[in-house]
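Naming convention: chains lettered A, B, ... in sequence-line order (proteins, then strands); numbering from 1 in each chain. From a predicted model like this one, the values you see are computed outputs, not experimental measurements.
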Protein chains: 2
Amino acid sequence: MMNSADNSLEARVAWLYFMEGMTQADIAEKLGMTRLRVNRMLVEARTSGLVSITLNSRFATCVELEQSLVREFGLKDAVIVPTPDDPDLVPVLLGQAAGEYLSNLLETNRVRGLGIGWGATLRETIRNMRAGRYPELCVNSMMGGLTHGLELNTFETASSLANRLNAECQYLAAPIYAGSPKSRDIILAQDVFRETFERIAANDIAVLSIGDLSLRSLLVRYGLPRDVTTDELVALGAVGDILGQFYDADGHVIDHPLNARAIALPLDQLSRIPTVVLASGGKNKTQAVAGALKAGLASVVICDEDTARAACEMARSGKASRRPAPSQRRRSSR
Amino acid sequence: MMNSADNSLEARVAWLYFMEGMTQADIAEKLGMTRLRVNRMLVEARTSGLVSITLNSRFATCVELEQSLVREFGLKDAVIVPTPDDPDLVPVLLGQAAGEYLSNLLETNRVRGLGIGWGATLRETIRNMRAGRYPELCVNSMMGGLTHGLELNTFETASSLANRLNAECQYLAAPIYAGSPKSRDIILAQDVFRETFERIAANDIAVLSIGDLSLRSLLVRYGLPRDVTTDELVALGAVGDILGQFYDADGHVIDHPLNARAIALPLDQLSRIPTVVLASGGKNKTQAVAGALKAGLASVVICDEDTARAACEMARSGKASRRPAPSQRRRSSR
DNA sequence: TAGTTTGTATTACATTTGTATGACACTGGC
DNA sequence: GCCAGTGTCATACAAATGTAATACAAACTA
């Protein structure tokens, strides 16, 4: 799909346009092609992350929020970007920030194992990472893949990152959910998976995102087994998921068999990984982010401003006590 | 001239345009200003280096050339950018590359002293460096300043960089050339200069560029004392200058009193500085770059492709003349 | 072989952008 | 007070860009 000659021409066009400031028509003439083609290549160059535009300036309010997040929740680091008017842009902007952050992390630290999750934000993240050569690095998927639908899968996520970094790649070649907890245990007991899981647990960095329970969630739409509905999960207090495991407003994994069916690194083992980067944002994920913050699931949080502020507030207020309000079984507030 | 409110608005506009992809007219409406004003702020944002555009791809021919430069001339590193059609763009493009390179260098190494030269390329370089906080860093000017003409001076160069990096700044508060060698020695013997020069010689990094002897050279046009002509220098074999000191095709400082009048770090002391980054390009500087390469004045070269190729050829052919065992500074900092 | 897909060329058009113009208000100096 | 200098606004217009409709050629499929 994207061979090197193609890419080289694209780079050439992008160079002439962005660096030398030539006009699209001039480039077309110089290179002997249509202006339209130049135009499309430029669009492609931007969406594929061949060119990246960065601002050398931070917004004061965001910097401030980052600092209070780090302080209050014992994070290693936080990156907050301004919330865009268009909610659809959130993953794109988070991806830019996360990509930049991770690229710097990789360039300044010797990283041997990088585990990655799955989702729209992470796809954007990968698009925005600088290409490089990391022959010693092993990129691996920390969760199983979808069995149907959707071109965006965990396998593709891991391999496209590994590809961009010229790194090794290891897949978790299994579905994301087994048919039952018992079946999950049987699968994981097979020796082909032992080594894989050992490597996953030994990663230096985990790059994950959070899913919510709305219909916007890819996991909800394409990943949930047919025999599980979001209602059951919500009834048990679920506000979001990480690596396919659903947790409540306090960040505790809820007591539902689905969690025991997930083929992924268990959330309670996440803390063993030195650096857990959590990139997620958007209004619909406020509660989920708050839960993750409260439970200390992340060591680095990348989020948009409004969501981070609301989640911070939420996690802060309820930090001391958890109150399930007498007989409230209805699905929690929206 | 550029207060923080102004800058913050500019950042906001740039964010909305480049990150959120809003149209200039929409931004104007949203922020309650004219489209014209938005347009001008965007131009300003780009020229001031607030936004920077980078390509995540390298041209194969350039990478190759970099490698052979490193190998043949014992460099630590080299960065080659494609030569643009418009020669006026060379400093801009070199500045982009050099700015990116230096930013990475600063972010990955603890640097305490950074000395800087003077010129159009270096101004562009500074524009393209990422802002940051380096309270432990001292930026200093490695040469005296012009006494007349031209807004671009060594003082401004050093201070604008220090400003961008939130670092200390130390000037070399002296003219670039004294009236005579003797006068130079007298000036340098004053204790106010001793400390300054010690610090300059103890820098971890020097960021310099090369001047040639054409009328394009700022030093020739504005910096040379009235009693010295380029003809005399050329007659002695001069092909270019570094820090105001002219050298010949072999990179040897020529025997002209002007060199003994320069108030700057002497070129023969340059080798004490662990990392000397030389950013220069353009056809008119081919010989000068060749000389610097041959004499091993630089440890990192940033140049455009055509010039580097020609200079490489030139330096290679006449290399037999002098080049003992390369016990160059090779200590890698990585 | 005929149809189908895919990518490109051609053309046309709407939108966005860059830039020039004259009018107006504000400023500081005389 | 006047005046030059500066910056902004409103308007206009030319250049550049994004997008769509259609047509053509090569590669692929049945």
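Considering only side-chain N and O atoms, B:Arg40 lies under 4.0 angstrom from the phosphate OP1 or OP2 of D:dT8. A sub-4.0 Å separation between OP1 or OP2 of D:dC9 and a side-chain N or O of B:Thr34 is present. Regarding contacts with the backbone of C:dA9, a side-chain N or O of A:Arg37 is found under 4.0 angstrom from either OP1 or OP2. Checking the phosphate oxygens (OP1, OP2) of D:dG18, a side-chain nitrogen or oxygen of A:Asn39 falls inside 4.0 Å. At C:dT15, none of the side-chain N or O atoms of B:Gln24 fall inside 4.0 Å of OP1 or OP2 (strictly under the cut-off).
Along DNA chain D, the nucleotide nearest to A:Val43 and the one nearest to A:Asp26 differ in position, and the one closer to the 5' end is contacted by A:Asp26.
At a threshold of 4.0 Å, the pair A:Glu29-A:Arg35 does not count as salt-bridged, since none of the basic side-chain nitrogens sits closer than that to a carboxylate oxygen.
For the residue pair A:Leu65 and A:Ala308, the shortest heavy atom distance occurs at CD2-CB, 3.8 Å.
One interatomic measurement links the two molecules: OH of A:Tyr17 to P of C:dT17, which rounds to 10 Å at whole-angstrom precision. Rounded to an integer number of Å, the gap from B:Glu29 CD to C:dT16 P is 12 Å. Atoms CE (B:Met33) and C1' (D:dG7) sit 14 Å apart, rounded to a whole Å. Taking atom CE of B:Met41 as the reference point, atom P of C:dG18 lies 14 Å away to the nearest angstrom. If you measure from atom CD1 of A:Ile27 to atom P of D:dT17, you get 8 Å, rounded to the nearest angstrom. Atom CG in A:Leu31 sits about 12 Å away from atom P in C:dA9, given to the nearest Å.
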For a quick test of your reading: what N or O donor-acceptor pairs under 3.5 Å do the side chains of residues 78-89 of chain A make, sequence neighbours left out?
from	atom 1	to	atom 2	distance (Å)
A:Thr83	OG1	A:Asp304	OD2	2.7
A:Thr83	OG1	A:Glu305	N	3.3
A:Thr83	OG1	A:Asp306	N	2.8
A:Asp85	OD1	B:Lys30	NZ	3.3
A:Asp85	OD2	B:Lys30	NZ	2.6
A:Asp86	OD1	A:Asp88	N	2.9

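Listed nucleotides C:dA9, D:dA16, D:dG18 differ in distance to A:Thr23; the shortest reach to its side chain belongs to D:dA16. The side chain of B:Arg46 sits closest to C:dG18 out of C:dA12, C:dG18, C:dT17. Listed nucleotides C:dG18, D:dG18, C:dA9 differ in distance to A:Leu36; the shortest reach to its side chain belongs to C:dA9.
Judged by distance alone with a 3.5 Å cut-off, a donor-acceptor contact links the side chain of A:Arg35 to the base of D:dG18.
Using a 3.5 Å distance cut-off with no hydrogens or angles, the side chains of A:Ser209 and A:Ser280 do not pair a donor with an acceptor.
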Between B:Met22 and B:Tyr17, does a side chain to side chain contact (heavy atoms under 4.5 Å, CB included) hold up when you go through it step by step? CA-CA 5 Å; B:Met22 287 177 67; B:Tyr17 187 74; 6.0 Å; no
